[in-house]
Amino acid sequence: KTFLLALLIFKAPNSLLIDILISWRFDCYPERGVVVTEEMCHARNCCFIQNSQAKTSGRNGVPWCFYTPEYPSYELVSITDTEIGKVGKLLRNKKTYYPKDIDALQLEVLYEEDNRLHITDPAEKRYEVPIDVPVVPKTASSNPSYTVDFIKEPFGLIVKRTQTGTVLLNTSIAPLFYADQFLQMSTSLPSRFIYGLGEHRSNFLHDVQWNTLTMWARDVPPMELTNLYGVHPFYLSMESDGMAHGFFMLNSNAMDVALQPAPALTWRMIGGILDFYVFLGPDPSSVIAQYLDVVGKPAMPIYWALGYHLCRWGYKSSDKTWNVVKEMRNYGIPQDVQWNDIDYMDRALDFTYDTMNFSTLPDLVKDLHKHDQHYVMILDPGISNSLPSGSYWPFDEGKKRGIFINDSNGDILTGKVWPGLTAFPDFSNPDTHEWWYQNLKSFHEKVPFDGVWIDMNEPSNFFDGSLNGCPENELENPPYTPGILGGTLKTKTVCASARQKISTHYNIHNLYGLMEAKATESALRKITDKRPFVISRSTFPSQGKYSGHWLGDNRSQWKDLATSIPGMLTFNILGIPLIGADICGFGGSTTEELCVRWTQLGAFYPFSRNHNSIDEQDQEPTAFSPAARIAMKEVILLRYSLFPHLYTLFHHAHISGHTVATPLLFQFPNDEKTYGIDKQFLWGKSLLVTPVLEAGQDYVVGYFPKGLWYDFHTGDSLVSSGEEINLQAPIDKINLHLREGSIIPTQPLNLIVSLSEDGLAKGDLYWDDGETLDTYEKDQYAYIYFTVEQVLHNHEEAAYITVETVSFYGVKVEPENVTVNSQEAAFTYRDNQVIYFNIVLGTTGYKSVMILYILLSGEF
Ligand SMILES: *[C@@H]1O[C@H](CO)[C@@H](O)[C@H](O)[C@H]1NC(C)=O
Ligand SMILES: *[C@@H]1O[C@H](CO)[C@@H](O)[C@H](O)[C@H]1NC(C)=O
Ligand SMILES: *[C@@H]1O[C@H](CO)[C@@H](O)[C@H](O)[C@H]1NC(C)=O
Ligand SMILES: *[C@@H]1O[C@H](CO)[C@@H](O)[C@H](O)[C@H]1NC(C)=O
Ligand SMILES: CC(=O)N[C@H]1CO[C@H](CO)[C@@H](O)[C@@H]1O
């Protein structure tokens with residue numbers, strides 16, 4: 001028998017051989033909570049070697065039960081060329097150990113673009129993820145940067161990068177499974193450097209030491225090794241030579257993604273089809289842009305979204321909320337947005353407010369608007385179903401229109417959330433979107449909110465399944481259940497067998513947050529006729545088109561401060577750049593020092609909100625000592641000064657699929673030392689943020705990739721050979737450095753120019769009215785590109801802009817005079833090679849042009 005032979009091989013007394021093989025063992029018994037025995041393993045025709053490193057099989061250890069190299073799988077029986085690639089036919093003639101194998105598969109290989117390969121299986125009529133992806137072109141890309149080869153039997157697929165020969169995918173390393181409720185495909189990885197695969201709490205760089213990441217949207221305070229709120233089956237992987245590729249599995253079913261040290265990865269999904277894309281980059285930023293070409297680029301945020309947001313659960317009254325706003329004003333601390341958590345609602349009911357304790361809410365919102373501030377409140381999907389008939393329109397009308405999720409008997413499914421027993425809107429039904437819009441619209445007439453925070457949309461349920469539990473069937477108890485927290489699909493959500501318009505909940509659970517965000521976004525467009533502001537807890541690929549995200553219910557502790565950076569970076573590569581953690585932490589009480597450090601880091605979250613839980617100590621900036629308050633105010637002001645730059649970065653995310661908060665490795669892909677960095681990050685290409693992440697520190701060690709850097713605050717230069725540098729970091733300072741060769745616009749409009757060794761620099765500014773929909777698409781914007789071509793002159797074109805000051809960093813010799821458009825300008829030159837001067841020059845209106853020639857003259 002095959003497995004006996006394999007056993008002999010694996011038991012060869014060559015320890016090196018065994019070591020290598022261990023990392024290449026692919027788990028034949030991934031079921032959780034099972035201690036696999038030899039008999040159980042042999043029943044699956046697999047090899048059994050008990051290993052002391054692993055306590056149980058599955059989850060996170062060396063598998064005891066694993067496939068032999070010749071384990072039966074599909075056979076490729078034909079492959080032919082088509083206009084756009086190839087079609088093949090796969091047949092299986094030996095059953096697997098999961099029910100309902102699909103014996104015949106069609107394989108479609110689509111050479112969609114030079115840097116995008118798409119492989120799918122269109123044969124069987126099965127559930128497919130309902131998100132828009134690009135239409136398959138009619139003809140194949142003319143110059144693909146990849147090759148695709150096949151292994152006939154057992155079937156395998158090999159994708160290589162043409163230029164280097166690097167193997168990006170090799171699926172012949174383990175058998176392909178394709179049963180009704182169990183799809184499994186493994187691939188080798190070209191390196192251990194792999195990123196993405198959200199939403200999990202981990203380092204930015206995933207660990208490949210037997211690390212299984214489970215995906216199933218779930219309400220749980222973030223912790224390691226569990227499935228969290230969102231689902232993102234996308235990874236970015238580094239190759240050698242700084243090249244990178246990406247992989248997107250377009251599947252929304254519950255799944256495990258198992259990483260192992262070979263390095264290799266296994267997709268294990270319990271439904272849908274095999275439909276995936278490979279993005280060839282070749283640099284990491286291009287990989288992300290290519291991924292976002294498929295799922296959709298993020299929306300351009302409304303300008304005030306960039307501001308400082310304040311929120312907490314437990315303000316208890318609108319007057320209390322109002323006082324917070326007034327105190328912020330009194331201390332002159334910038335605040336653009338005030339939020340409320342569920343306490344504003346009457347008995348936690350959506351689309352109501354408590355007319356006793358929140359009686360002044362409409363006035364508060366008017367007052368915010370008068371001060372050019374904005375208001376955002378929470379909404380949960382659960383709609384109370386137990387009020388007297390005729391007293392709660394959202395439920396009565398929803399029931400009438402049949403827009404709620406039904407149980408498998410066809411009755412409205414009853415769950416439990418904050419208001420008690422609830423029904424859940426079925427956002428896969430377009431009628432639900434209309435009903436949701438009408439609810440939002442009539443609430444907006446009472447409380448003219450500016451944005452919506454959608455929470456609890458995994459959807460979260462205080463029952464497992466429903467009030468009446470769930471039936472026993474193959475959807476609730478699939479043959480294989482991924483490593484979901486709680487052990488079953490229904491844990492803390494609705495039954496998998498519940499019925500929704502387009503499919504069973506089993507298939508579309510992970511899309512609940514996306515579909516609710518879509519409904520909310522389109523409702524807000526109609527109500528406000530401005531760019532919608534939506535923040536969602538649960539997310540799925542393409543979410544960035546509709547909403548931002550916050551990192552969930554993190555705690556007020558130093559560790560959570562640090563892990564917010566990997567969370568933020570991961571969501572940036574997943575196309576949801578409007579992201580941040582709750583500043584100062586949500587659960588638990590913060591300390592003053594932690595809150596100051598968190599406000600400093602939070603000033604560099606693309607989405608910057610301080611949010612606190614109920615019954616914890618206050619943590620608004622106004623709640624602390626004068627010294628702490630001032631430190632927080634300073635860094636919030638620093639954020640505000642950088643808005644022109646931040647807004648421009650969001651523009652590039654919207655138009656070109658760039659990241660806003662950027663991992664260092666994206667800018668330095670040839671420097672392997674950057675691959676694991678997640679205690680520092682960049683804004684865009686050039687602004688390096690090095691926060692303090694530990695208690696009691698007045699210095700911080702940061703890595704500086706090779707090159708010339710400038711201290712953003714002083715202009716002092718620093719030359720790094722690619723080394724770690726000790727930086728002073730007193731409690732009132734966050735370290736910020738500007739990479740050579742950049743021009744950063746700050747407000748009021750000042751240009752900060754950091755010259756390269758050769759005296760070059762460039763930068764840009766995107767500017768519009770900050771709120772009109774589709775300004776870029778409608779040509780209602782100014783885009784200004786700044787370049788310094790030589791140290792001696794700077795040339796800019798501008799519109800609707802007044803440039804007031806300019807600073808150049810790295811001017812080696814003091815010029816004799818400075819002229820701006822032939823007018824002499826008074827300037828200040830400092831010993832640290834910084835020159836600073838005022839100019840006032842501007843134009844009004846879009847499409848007008850301002851030309852600015854700056855001449856630094858002297859003996860250089
Ligand atoms: C793909 O994997 C198989 C099985 O491990 C191996 O024999 C083969 O050499 C690999 N192919 C390539 C191109 O790496
Ligand atoms: C309003 O506030 C009071 C005092 O905090 C509290 O006792 C009461 O329960 C609140 N009312 C509602 C409806 O929440
Ligand atoms: C749920 O039940 C209602 C009432 O019978 C019906 O109108 C609606 O179409 C059902 N929805 C689904 C998705 O089955
Ligand atoms: C600036 O200095 C240069 C020489 O360094 C000189 O030629 C030029 O006339 C000066 N311009 C003005 C406006 O003083
Ligand atoms: C601050 C913090 O701990 N952030 C973590 C919160 O949880 C998310 C997952 O939702 C992680 O990605 C963050 O790193």
Side-chain angles (χ1 to χ4, degrees), residues 6 9 20-21 23-26 66-71 73 146-162 164-176 185-190 239 260 262-266 313-321 340-349 352-361 385 395-414 418-419 423-432 435 466 494-495 497-508 512 515 614-615:
I9 296 168
I20 294 168
L21 290 169
S23 63
W24 283 95
R25 288 179 189 170
F26 289 87
F66 50 96
Y67 303 109
T68 63
E70 296 306 318
Y71 200 87
S73 177
Y146 44 83
T147 56
V148 186
D149 298 307
F150 306 93
I151 293 165
K152 210 167 166 295
E153 194 182 10
F155 169 73
L157 185 88
I158 290 163
V159 178
K160 287 187 194 153
R161 182 184 293 284
T162 318
T164 56
T166 306
V167 178
L168 309 184
L169 290 186
N170 179 355
T171 72
S172 65
I173 57 173
L176 173 70
M185 184 178 89
S186 299
T187 177
S188 60
L189 295 169
E239 300 156 32
Q260 67 187 75
L265 178 152
T266 298
W313 179 21
Y315 278 131
K316 299 207 167 80
S317 72
S318 44
D319 286 342
K320 192 98 196 292
T321 314
N340 273 126
D341 205 316
I342 52 172
D343 17 36
Y344 78 89
M345 297 177 188
D346 174 18
R347 291 162 290 162
L349 300 169
T352 68
Y353 68 94
D354 173 353
T355 50
M356 299 273 290
N357 292 349
F358 280 79
S359 61
T360 57
L361 184 59
N385 67 2
F395 180 72
D396 295 340
E397 186 66 18
K399 184 177 175 188
K400 197 157 88 194
R401 298 192 195 177
I403 53 90
F404 292 115
I405 296 183
N406 294 335
D407 62 21
S408 53
N409 296 324
D411 300 322
I412 296 180
L413 180 140
T414 298
W418 301 114
F424 295 92
D426 171 12
F427 289 104
S428 78
N429 181 349
D431 296 344
T432 312
W435 162 89
S466 81
V494 302
C495 300
S497 56
R499 292 192 201 155
Q500 295 191 239
K501 177 89 175 178
I502 60 168
S503 189
T504 52
H505 192 71
Y506 180 88
N507 288 323
I508 61 176
Y512 196 87
M515 289 173 165
I614 196 163
D615 298 331

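Each ligand, and each atom within it, is numbered from 1 in the order the structure gives. Position 1 is the first residue of the sequence; numbering continues from there. This structure is a prediction, so every number in the text was calculated from the model and none was measured.
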Got a protein heavy atom sitting under 4.0 Å from [atom]?
atom	answer
atom 5 (O) of ligand 2	no
atom 2 (O) of ligand 1	yes
atom 9 (O) of ligand 2	no

By number and element, which atoms of ligand 3 are closer than 4.0 Å to a non-hydrogen atom of [X]?
X	result
Gly410	2 (O)
Gly402	7 (O), 8 (C)
Gln500	13 (C)
Lys501	13 (C)

Tell me whether Asn406 has any N or O atom under 3.5 angstrom from an N or O of ligand 3. yes
N/O to N/O below 3.5 Å, does that happen between Asn357 and ligand 2? yes
Donor-acceptor pair, Asp354 side chain versus Met356 backbone, under 3.5 Å? yes
Can you list the atoms of ligand 1 that are under 4.0 Å from a heavy atom of Ile158? 11 (N), 13 (C)
What atoms in ligand 1 come closer than 4.0 Å to a heavy atom of Asn170? 1 (C), 2 (O), 3 (C), 8 (C), 10 (C), 11 (N), 12 (C), 14 (O)
N or O pair under 3.5 Å between Lys160 and ligand 1: no
Taking heavy atoms and a distance under 4.0 Å, where does Asp354 meet ligand 2: side chain, backbone, both or neither? side chain
Heavy-atom side-chain proximity of Trp24 to Phe66 below 4.5 angstrom: no
Which atom names give the shortest non-hydrogen contact between [X] and [Y], and what distance separates them?
X	Y	answer
Arg161	Leu168	N-CG, 4.1 Å
Glu70	Pro154	OE1-CD, 4.0 Å
Asn357	Lys316	CB-O, 3.5 Å
Asp426	Gln500	OD1-NE2, 2.7 Å
Ser317	Lys320	OG-N, 3.0 Å
Phe26	Ser186	CD2-OG, 3.7 Å

So Tyr344 and Phe358, would you call those rings parallel, tilted or perpendicular, with 30° and 60° as cut-offs? perpendicular
